[in-house]
Amino acid sequence: AQSVTQPDIHITVSEGASLELRCNYSYGATPYLFWYVQSPGQGLQLLLKYFSGDTLVQGIKGFEAEFKRSQSSFNLRKPSVHWSDAAEYFCAVGADPLGMRFGAGTRLTVKP
Amino acid sequence: DTGVSQDPRHKITKRGQNVTFRCDPISEHNRLYWYRQTLGQGPEFLTYFQNEAQLEKSRLLSDRFSAERPKGSFSTLEIQRTEQGDSAMYLCASTSQVQRSYNEQFFGPGTRLTVL
């Protein structure tokens with residue numbers, strides 16, 4: 001069965017520091033992978049997605065993620081975090097047609 | 001705004017009451033999904049429609065839950081005899097699904113349900 005694990009429930013980084021959020025997936029075929037961000041009380045906004053091709057994908061707001069098949073990982077990175085990046089981040093695998101499977105999320109706090 | 005919309009954004013009800021939520025997908029999208037998100041968790045799949053046909057339901061969707069998508073446009077999710085455990089954010093998403101391809105889903109802002 002498809003599943004997504006986000007090992008870090010909560011991460012705190014200083015503004016301007018680099019960020020890496022971990023995501024591991026379990027999926028039998030070539031996965032469709034996504035990162036979403038959710039601010040309090042808001043819906044989900046897509047940051048980036050991986051379907052095929054280049055394993056390093058660029059997204060919005062300066063985020064990027066790298067697909068590593070050998071490690072079943074799709075970690076999200078940003079070189080310099082801004083205070084506005086504080087939010088909940090969800091990794092997901094596309095499990096067509098049964099919608100997506102989401103991880104439990106990682107809450108990011110940004111210190112001034 | 002041509003995104004996915006949901007109504008209401010917030011709903012407070014008493015245990016035992018019935019509630020109904022509405023989702024309006026992006027107009028050209030033929031697939032519509034419902035998810036439930038509880039506090040501290042990621043969204044969990046509930047059900048989905050291909051046009052007006054409801055093709056799959058999760059085991060999370062008890063008999064008290066029913067969803068419809070008449071005419072393949074907007075969808076409603078009804079919860080009968082609400083329980084406190086139904087308190088959650090209910091998210092709707094839509095996508096344009098072409099055979100043998102996978103497209104990203106676009107999410108609405110959600111309806112937050114609180115059952116007292």
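Chain naming here is simple, since letters A, B, ... match the order of the sequence lines and numbering starts at 1 in each.
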Using a 6.0 Å distance limit plus a 45 degree cone around the ring axis, check whether K78(A) lies over the aromatic ring of F63(A).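 Yes.
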
Between [X] and [Y], does the ring centroid distance fall short of 6.0 Å?
| X | Y | answer |
| --- | --- | --- |
| Y48(B) | Y35(B) | no |
| Y32(A) | Y25(A) | no |
| Y36(A) | F90(A) | no |

Considering only heavy atoms, which portion of Q45(A) lies under 4.5 Å from any heavy atom of chain B: side chain, backbone, both, or neither?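 Q45(A) has no heavy atom closer than 4.5 Å to chain B.
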
Quick one: what part of L46(A) sits under 4.5 Å from any heavy atom of chain B, side chain, backbone, both or neither?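 The side chain, not the backbone.
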
Side chain from CB out, backbone as N, CA, C, O: work out which of these in Q50(B) comes under 4.5 Å of a heavy atom of chain A, or both, or neither.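 Interface part for Q50(B): neither.
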
Which one wins on heavy-atom pair count under 4.5 Å against chain A: A93(B), G42(B), P43(B), G110(B)?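 Going by pairs under 4.5 Å, I would pick P43(B).
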
Taking the side chain as every heavy atom from C-beta outward, state whether D54(A) and F67(A) have any atom pair closer than 4.5 Å.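 Contact flag for D54(A)/F67(A) side chains = no.
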
Does E68(B) have more than 12 heavy atoms from other residues, nucleotides or ligands lying within 6.0 Å of its CD?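 Open.
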
Crowding at CD1, I9(A) (>12 non-hydrogen neighbours, <6.0 Å):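 Count not over threshold, so no.
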
So if I take each residue of residues 102-112 of chain A and look for any heavy atom under 4.5 Å from a heavy atom in chain B, which residues do I end up with?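 Against chain B, the residues of residues 102-112 of chain A that fall inside the cut-off (heavy atoms, under 4.5 Å) are F102(A), G103(A), A104(A).
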
Contacts of residues 10-18 of chain A with chain B (heavy atom under 4.5 Å):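 Expected list: none.
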
Please check: side-chain N/O of T82(B) versus main-chain N/O of Q17(B), any donor-acceptor pairing under 3.5 Å?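 Yes; judged by distance alone, with no hydrogens or angles, the pair exists.
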
Taking all atoms of both residues into account, what is the closest heavy-atom pair of P8(B) and T20(B), and its distance?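 Scanning both residues completely, I find the closest heavy atoms to be CD-O, 4.3 Å.
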
Do T47(B) and E56(B) have side-chain N/O donor and acceptor atoms under 3.5 Å apart?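 No, no side-chain donor-acceptor pair sits under 3.5 Å.
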
side-chain contact (heavy atoms from CB on, under 4.5 Å) between R77(A) and L56(A), intermediate numbers included: CA-CA 11 Å; R77(A) 300 193 294 250; L56(A) 184 64; 3.6 Å; yes

